[in-house]
Protein chains: 2
Amino acid sequence: MTEKNKKPSIDDIAKSLGVSKTLVSMVLNNKTQKYGISETTRKRVEEKIEEMGFLPNKAARRLRTGKSFLIGIIVPDISNPFYSKIIREIEDKVQLNGYHLMACSSDEDSEKEMNLIKMLVDSQQVDGLILSTTLKTASELDFLSKRNFPYVLMDRTLEDVDVPSVGVDNKTGAYNATEMLIKAGAKNVAMFSISPGYISTIEERKKGYLNALKANKLNVKADMLFEIPFSDIKNSVFEHLDELLNKKTKSIDGIFAANNNIALACMEYFREKKIKVPEKLKFVSFDDIDVFHFSNPTISAIEQPLSDIGSWSIKLLFELLEGDSETRKPVHINLPTKFIARTSC
Amino acid sequence: MTEKNKKPSIDDIAKSLGVSKTLVSMVLNNKTQKYGISETTRKRVEEKIEEMGFLPNKAARRLRTGKSFLIGIIVPDISNPFYSKIIREIEDKVQLNGYHLMACSSDEDSEKEMNLIKMLVDSQQVDGLILSTTLKTASELDFLSKRNFPYVLMDRTLEDVDVPSVGVDNKTGAYNATEMLIKAGAKNVAMFSISPGYISTIEERKKGYLNALKANKLNVKADMLFEIPFSDIKNSVFEHLDELLNKKTKSIDGIFAANNNIALACMEYFREKKIKVPEKLKFVSFDDIDVFHFSNPTISAIEQPLSDIGSWSIKLLFELLEGDSETRKPVHINLPTKFIARTSC
DNA sequence: ATGAAAGCGCTAACAA
DNA sequence: TTGTTAGCGCTTTCAT
């Protein structure tokens, strides 16, 4: 039971070399130039580090410097392909800069999200945060802004918040989607939105939908816009469809699904109940996923530039971290979506 | 520019209460019972903590105790739905125990994986590791075992490794899949495997495939088993299919895809080239994903119990962490798969 | 029932 | 060009 297997510390390196740990630390942090350390000693130290398999203890470094080289990211659900693809993009990018990622799911629950934020910021001490937020108001994030804590909003934004954000043009996307439904002949177009309905992306999509109805002189009735609760999507979608499709009068003939989760539930319904799409019902969804490409019928969808969303988010965050942007006004990136025409409308 | 906004430390709490930080620490760690701290002081401390919004600095705690309450998980690709669903399951479970997750992608690259392991273990000091490994031999992980570092193998296992593992019965799954192809009338069944081919799950699937051919007295020729490189799946699949389907003699009439990535590439080919499935070609895949359920045709697949894989993995890891199992033999969980019959075969 | 003090491994200000 | 030292915030041993 010797202590031989203990991991070497910076002190062990220093002692076995007969130098001070300051020196080792300098080498570790590439500050040999700055302090005019000779090439030879640098090499000697580097070799010893290699030889002993030394890796700096991040906890100690973190405690000392206050920097963790950790980025936190919170999304509603890391297993939703929309988010997992974005996260993957970000993972690759942060690695390049020596950072690492802690990704968490909020389940569309603001309270859970606040807890995650606090744990990431105060306990784990991440250096920055990327938020696809479920929060209602910017004020809930005031404590971050007050501390000057670097974070960016991704996908979803908030009113009156003074931080960088990146998202897509949801309103135009939804407008196009709805219009495509109408052009395909639908006269009675419902939208299946999702709750909480105050989420910026959803609000914009609802606006786009309503605008398209207006622009095409269709009945704009609030009773054609349904909010499906996130926690019970399938049941809720099924109930609504049961009702909407069995109405004697003015049964719907078009549906705009606000996201991929809802679309999948609708598709499940169409399958089970053998609803003919697009004959009986035109259909289009926001968020393009693999399923839409292969399904029968294939599903027209609004595609979002996932990797751009990811890379812009982390780019803006790094700009914040690098810092001299103190006074600059926060950037807001609004990326275009793309309508993918398929057979469902 | 006052220092007011600085986060409170344990010392701040102690001072503002006129007690020692030992006391505060005890309260923080629920050791008031153990040390016989009075209920009243405990309450007083707790209230102050609440009032000042104090959260313990994990870096300091980590440095002091050597425990991070972090679990690392490495999979080939966190955006593959197979893994992202497992990770999600684990995320929920670790949270319950006060742990947090750092998930990383290895891209099927052993070197990258080794680097990730080192960074998670030595630098981030995660308390445990869940590995869906791309490594070739257990010996590469010897340094972990030697240190008695807690980790479990998930999905993929390694020969002669003395740690807990959880996976599914790949051989039987592949056997069933292949047999279904044969029962559906295929006489010339190819398998599209993936490289690196030494991965345990893939090896087992290959064995299952070959066994099924033998058991059904079909030609067992090595030239019907193809290894698709992970980094270039689509092109490789397309090339192989181009060749296999345009042979004058004994063209293939059945394909077993080793995983969902490969299956998607095949399906893409079928679409583009208008290959009739199952008429011209029977098809079945390992890994069930949403796409298979909705596609045209729907794709028969071997379903793996994702949430069980996740929950078993973290359960076994926690058993390791909780510790008194020193001498116990490591558990190996082998979960059953399920054949989902659809129209592709 | 509570406090004092050492020390985890590192960085950075200051000394030499 | 290199070394000494203080201290980041916490837990834990030992005192009281």
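The analysis underlying the following values was restricted to heavy atoms, covering all of them including side chains, and did not include hydrogens, waters or symmetry mates. Chain identifiers are assigned alphabetically (A, B, ...) following the order of the sequence lines, protein sequences preceding nucleic acid strands; residue numbering begins at 1 within each chain.
With rounding to whole Å, B/Y35 atom OH is found 10 Å from D/dC14 atom C1'. Between A/K34 atom NZ and C/dT11 atom P there is a gap of 13 Å when expressed in whole angstrom units. In this structure, B/D11 places its CG atom 13 Å from C1' of D/dT11, rounding to the nearest Å. The CG-C1' distance, from A/L23 to C/dC10, rounds to 15 Å in whole Å. If you measure from atom CG of B/L63 to atom P of D/dT12, you get 13 Å, rounded to the nearest angstrom. Across the protein-nucleic acid pair, A/K58 atom NZ and C/dC10 atom P stand 12 Å apart, rounded to whole Å. Distance CG (A/N29) to P (C/dA12): 7 Å, rounded to an integer number of Å. B/D12 places its CG atom 8 Å from the P atom of D/dG9, with the value rounded to the nearest Å.
Counting only N and O atoms by type, the side chains of A/Q124 and B/R62 include a donor and acceptor under 3.5 Å apart.
B/K31 comes within 4.0 angstrom of the backbone, heavy atoms only, and of no base.
Proximity note for B/T65 (side chain, C-beta onward) versus D/dT12, D/dT4, C/dT11: the nearest is D/dT12. Comparing atom distances between the B/S38 side chain and each of D/dC10, C/dT2, D/dT4 picks out C/dT2 as nearest. Of all nucleotides listed (C/dG9, C/dC10, D/dC10), D/dC10 comes nearest to the side chain of B/R64. If you check C/dC10, D/dT1, D/dT11 against the side chain of A/R61, the one that comes closest is C/dC10.
Judged by distance alone, with hydrogens and angles left aside, the side-chain atoms of A/S84 form no donor-acceptor pair with the main-chain N or O of A/S79 at under 3.5 Å. A donor-acceptor pair under 3.5 Å is absent between the side-chain atoms of B/D127 and the main chain of B/I71, judged by distance alone. A/S132 contributes no side-chain N or O that, together with a main-chain N or O of A/V75, makes up a donor-acceptor pair within less than 3.5 Å.
OP1 and OP2 of C/dC8 both lie 4.0 Å or more from every side-chain N or O belonging to A/N57. For A/S20 and D/dG3, the shortest distance from a side-chain N or O to OP1 or OP2 is below 4.0 Å.
Mapping A/T41 and A/K21 onto DNA chain D by nearest heavy atom places A/T41 closer to the 5' end of the strand.
Between B/H100 and A/M119 the shortest side-chain heavy-atom distance falls below 4.5 Å.
Side-chain atoms of A/T22 and base atoms of C/dA12 include a donor and an acceptor less than 3.5 Å apart.
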